[in-house]
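Worksheet: the structure to be examined is printed underneath.
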Amino acid sequence: MSETAAKAPSAPAPSGDANRWKALVFIALAQLMVVLDATIVNIALPSAQTDLGISDGNRQWVVTAYALAFGGLLLFGGRIADLWGRKNAFVVGLIGFAAASALGGAATSGAMMFGARALQGVFGALLAPAALSLLAVMFTDAKERAKAFGIYGAIAGGGGAVGFILGGVLTEYMDWRWTFFVNIPFAIVAALGAYFVIREPEGGRNRNPLDIPGVLLSTLGLVALVYGFTRAESDGWGDTVTVSMFVASAVLLIAFVVTEAKVKAPLLPLRVVTDRNRGGIYLSLGIAIIAMFGTFLFLTYYLQIVKGFSPIKTGFAFMPMIVGMMVGSTQIGTRLMTRLPARLLMGPGFLVAAVGMLLMTQLEIGSSYVSIILPAMLLLGLGMGTAFMPAMSLATLGVEPRDAGVASAMVNTSQQVGGAIGTALLNTIAASATTAYIKDHIGSAASNSQQQLVTLEGQVHGYTNAIWFAVGMLVLAAVIVVTLVNAGRPDTTAVASGEGAEEDLAVPVVAH
């Protein structure tokens, strides 16, 4: 190994530098803003649609425009963070996200709203990997890293559910526009704090020229993939455009892998994903998110449409999951991460979440919130919180500092693609089961009230069918973790320096 390669990674934050804990506050605040935004807008969508005169056919673009920009540009955003420096990318991402949010809140037409959401996605794709990679390069002591990633993991997992509460409160008591405006103070405080507090370790930038073919192929490939799943949800899996998107995505992403194996300075060095631990983390996280995102959606529908909950009451109904995630991440995960191998936290974590999901398959129209949904949410939150925390840490453990941004982007990419797949796939399963149930039972319903009852029963039947699929996804995620992830306890593997990391860092920097 070259001398350059041996020295480049060893730039931990000074052990006496208390600023890294202050920095964590602002990094966590920014992450909360991005995660909140993914769900807060969903609650406000019906009101915004009415005000702006957006048609039913076009309303999906409020969500899709953000998903396409965010999912498609994540790898590019991670590489820009490595090139510019994570602090610079973080601050620029925050300022841009705030400006895009202001534009969305002030929207006077559907087109203006779609444009604002796409811009939010662009700056989110710069901000999210920069936030995670800052943690990766600033927290190098195993115990400190466990605490930092415990907090980050709790926010990454639970922030979406908080969005339901905040979205409900803002929409019901103020105006849907505040679901956008609320991002501005978050972003300003986080940007100012980051600018004055964050001290990024030296020597961690990747100043190689940008891999333009890689940028184009990965962006177009991911956009085609996310759009394919989004379109499948609304137009069906057999739709010509849907199929074309999937074919185009496969061709583009294969071409991307071939390109990355050949170019001197790849956008995504293949060693980042071919490492069995990181590869296992990316794959298992993506699969677990498929289960989670679909379930968020079904529970929202079930509580509001079937049980008649208001937006605020629905938001607060998600609180047990948030509590479970906080406990799983900050107590169980943080305390055990330096004592147990990651797979012994992640595998059981996904299985506990699967048990929670299994409880939800028992849902019926008259099901009690206290006896089924509350314990199911607690178990789901507890399991996912316990699994997320070591996953977030291990995804960037031992990676060269110059690759930290793109390694972090892969975590976000697996979650974003998993979310798109989960929403489309589980919705399709639910819709098919609902249609079949109503077709089989509507004939025996004589009155309007009986027909309405059959329709509601059909919806719940569809949800539970899809949730069974989600149970299988979580079990599969657990199997992948136990099979692929073989890293020892974090305290036996130095982060980005020392013997444990040297094996990961054996590729000479000069080879790029």
Side-chain angles (χ1 to χ4, degrees), residues 42-43 45-47 49-50 54-64 164 168 228-243 290-311 313-315 317-318 356-377 380 420-473:
N42 288 346
I43 297 285
L45 186 53
S47 304
Q49 182 185 354
T50 305
I54 300 171
S55 69
D56 284 350
N58 285 334
R59 71 181 172 189
Q60 64 160 327
W61 284 102
V62 177
V63 176
T64 305
F164 286 116
F229 278 107
T230 305
R231 186 163 177 107
E233 185 187 351
S234 56
D235 294 73
W237 296 91
D239 176 68
T240 307
V241 177
T242 302
V243 174
I290 289 175
M292 272 199 74
F293 265 59
T295 306
F296 273 179
L297 200 65
F298 297 138
L299 271 179
T300 305
Y301 288 155
Y302 176 80
L303 292 170
Q304 288 196 29
I305 295 171
V306 179
K307 304 299 282 185
F309 282 24
S310 68
K313 195 175 178 183
T314 301
F318 279 91
M357 206 74 88
L358 196 61
L359 269 178
M360 286 191 216
T361 62
Q362 306 306 306
L363 282 177
E364 295 173 353
I365 287 181
S367 293
S368 159
Y369 174 84
V370 174
S371 63
I372 291 186
I373 299 174
L374 190 149
M377 283 194 171
L380 185 61
I421 294 171
T423 305
L425 193 57
L426 269 65
N427 255 358
T428 306
I429 292 168
S432 300
T434 296
T435 304
Y437 183 93
I438 293 172
K439 187 179 176 182
D440 289 344
H441 294 81
I442 201 73
S444 59
S447 65
N448 281 341
S449 59
Q450 286 178 326
Q451 288 175 356
Q452 286 173 353
L453 182 64
V454 168
T455 302
L456 284 178
E457 284 173 347
Q459 287 180 352
V460 176
H461 177 73
Y463 302 156
T464 54
N465 266 264
I467 291 170
W468 270 110
F469 185 83
V471 172
M473 290 286 97

Side chains of [X] and [Y]: does their closest heavy-atom pair fall under 4.5 Å?
X	Y	result
Leu303	Ile373	yes
Phe469	Leu425	yes
Val62	Ile54	yes

So which atom in [X] and which in [Y] form the shortest heavy-atom distance, rounded to 0.1 Å?
X	Y	value
Leu359	Ile372	O-CG2, 3.6 Å
Met357	Ala291	CE-O, 3.8 Å
Glu364	Tyr302	O-OH, 2.6 Å
Val460	Ile365	CG2-CG1, 4.1 Å
Ala376	Met360	CB-CG, 3.7 Å
Pro375	Val370	CD-O, 3.1 Å

Next on the checklist: Closer than 3.5 angstrom, by distance alone: can the side chain of Thr361 be matched with the main-chain N or O of Thr464 as a donor-acceptor pair?
Outcome noted: no

Item to check | Check: Thr242 side chain, Gly236 main-chain N or O, donor-acceptor pair, under 3.5 Å | outcome: yes

Supply the atom-to-atom distance [X] [atom1] to [Y] [atom2], rounded to the nearest 0.5 angstrom.
X	Y	atom1	atom2	value
Thr434	Glu457	OG1	CD	11.5 Å
Ile442	Leu453	CD1	CG	9.5 Å
Leu426	Met292	CG	CE	12.5 Å
Leu299	Leu363	CG	CG	7.0 Å
Ile467	Met473	CD1	CE	14.5 Å

Next on the checklist: Please confirm whether the ring centroid of Trp468 lies under 6.0 Å from the ring centroid of Tyr463.
Outcome noted: no

Next on the checklist: Within the supplied structure, the quantity of interest is the number of heavy atoms (other residues, nucleotides, ligands) at a distance under 6.0 Å from Lys307 NZ; does it exceed 12?
Outcome noted: yes

